[in-house]
Amino acid sequence: MTSLPYESQPLISPRQTCLDAIASGGNPQDRAASLPTMYDLPSENPNEPGLPDEFHFFQPLLLLLTFAPANSNPELVFSASDLNLYYDLNHPGWYKRPDWFGVVGVPRLYESKDLRLSYVIWQEQVSPFVVVELLSPGTEDEDHGQTVSAPGKPPTKWQVYEQILRVPYYVIFSRYTNELQGFHLVGDHYKPAVLNQDRLLMPELGLSLGLWRGSS
């Protein structure tokens, strides 16, 4: 699975995908200043479900190497795999850990000077534009939005990507069936995206995402 160029359209402002929830309750800059930073929050959890296999290394690496939005300054494009994504001002310890995600509109380096330990939404102010989850037996139901969060517990991946971060494109890939599923945020909900020749088009970025077969 890789990102490839495709006839582009004007890029929407990355601020349009900024977490809307930051605006609730007081001055967001004041609130953010009192919260933990990237350096304060845990960057890994050894109990996180999933399969630490070779596929989960090579596939995100391929996405990272090919994620080059046509209309964006390369210095303002960031992508990562298995990086904690902190998303909730009111619960700063809650996070999701996407297999891969891409962001447009933030410096490649944190504060233009440091490699990221985590991606902290109340500091970055820009949500991912696309998230990819690679199906594993232990995460399949949650990846498909088929699990329910218990009261007082963190929301599910689907809820975070769709309702909190409002990620425009959410992609699920199963290497067991070689099936690629894409979802596009329409209004307040994800709708299944119609693939074009087995590719998910992302015209805002001038990219498409689909399956690649080859040796080089």
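Keep in mind the model is a prediction, meaning the values are calculated, not measured. In this chain, residues are counted from 1 in sequence order.
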Kindly indicate, with the supporting measurements, whether the criterion side chain to side chain contact (heavy atoms under 4.5 Å, CB included) is fulfilled by E162 and L185. CA-CA 7 Å; E162 177 191 65; L185 189 66; 4.0 Å; yes
Exercise: do Y110 and Q123 side chains pair donor with acceptor under 3.5 Å: yes
Do V131 and V171 touch side chain to side chain, with heavy atoms closer than 4.5 Å? no
About how many Å separate CG of D82 and CG of D99, when rounded to the nearest 0.5 Å? 6.0 Å
Applying side chain to side chain contact (heavy atoms under 4.5 Å, CB included), can you list everything that pairs with T177, at least two apart in sequence or on another chain? S174, E179
Heavy-atom check, side chain of L85 versus side chain of P128, under 4.5 Å: yes
Min side-chain heavy-atom separation L180-D198 under 4.5 Å: no
Who passes side-chain hydrogen bond (donor to acceptor under 3.5 Å, both in side chains) against D188, sequence neighbours left out? R166
Do F78 and R116 make a side-chain contact, defined as non-hydrogen atoms from C-beta onward lying under 4.5 Å apart? yes
Y190 meets the ring-ring contact (aromatic ring centres under 6.0 Å, His included) criterion, sequence neighbours left out, with W158, Y170
Is there a path of hydrophobic side-chain contacts, each under 4.5 Å between heavy atoms, that joins L76 and I121? no
Side-chain contact test, heavy atoms from C-beta onward, threshold under 4.5 Å: evaluate it for L200 versus V130 and give yes or no. no
Which residues pass the side chain to side chain contact (heavy atoms under 4.5 Å, CB included) test with F57, sequence neighbours left out? L61
OG of S79 to CZ of R108, rounded to nearest 0.5 Å, is 7.0 Å
Could you tell me the separation between the CZ atom of F129 and the CE atom of M202, rounded to the nearest 0.5 Å? 8.0 Å
Close side-chain approach of Y87 and P155, heavy atoms under 4.5 Å: yes
Checking S149 now: which residues fulfil side-chain hydrogen bond (donor to acceptor under 3.5 Å, both in side chains) with it, not counting sequence neighbours? none
Please determine whether side chain to side chain contact (heavy atoms under 4.5 Å, CB included) holds for the pair S136 and H56, giving the CA-CA distance in whole Å, both sets of side-chain angles, and the decisive distance to 0.1 Å. CA-CA 10 Å; S136 298; H56 279 73; 3.3 Å; yes
Does the separation of the ring centres of Y119 and F101 fall below 6.0 angstrom? yes
With sequence neighbours left out, what residues match H91 under side-chain hydrogen bond (donor to acceptor under 3.5 Å, both in side chains)? D88
L207 versus A68, closest heavy-atom pair with distance: CD2-O, 3.7 Å
Y86 backbone acceptor or donor facing W122 side chain under 3.5 Å: no
Give the minimum heavy-atom separation between L211 and N178, together with the two atoms involved. CD1-O, 3.6 Å
Which residues pass the side chain to side chain contact (heavy atoms under 4.5 Å, CB included) test with V186, not counting sequence neighbours? H184, K191
Shared hydrophobic cluster, V194 / F183 (ILVMFWY, side-chain heavy atoms < 4.5 Å): no
Partners passing side chain to side chain contact (heavy atoms under 4.5 Å, CB included) against V77 (at least two apart in sequence or in another chain): F67, P69, S72
Working to the nearest 0.5 Å, report the span between CZ of F173 and CZ of F55. 5.0 Å
Between R199 and G210, which heavy-atom pair has the shortest distance, and what is it? NH2-N, 3.3 Å
Would you say the side chain of L209 lies within less than 4.5 Å of the side chain of V132, judging by non-hydrogen atoms? yes
Do L109 and L115 come close enough that some side-chain heavy atom pair is under 4.5 Å? yes
List for me each residue that meets side-chain hydrogen bond (donor to acceptor under 3.5 Å, both in side chains) alongside T156, sequence neighbours excluded, and say none if there are none. Q159
Would you give the length of the straight line joining atom CH2 of W100 to atom CG of L134, rounded to the nearest 0.5 angstrom? 11.0 Å
Is the shortest distance from a Lys or Arg side-chain nitrogen in E142 or K96 to a carboxylate oxygen in the other one below 4.0 Å? yes
Output all residues satisfying salt bridge (Lys or Arg N to Asp or Glu O under 4.0 Å) with K113, sequence neighbours left out; order by chain, then residue number. E111
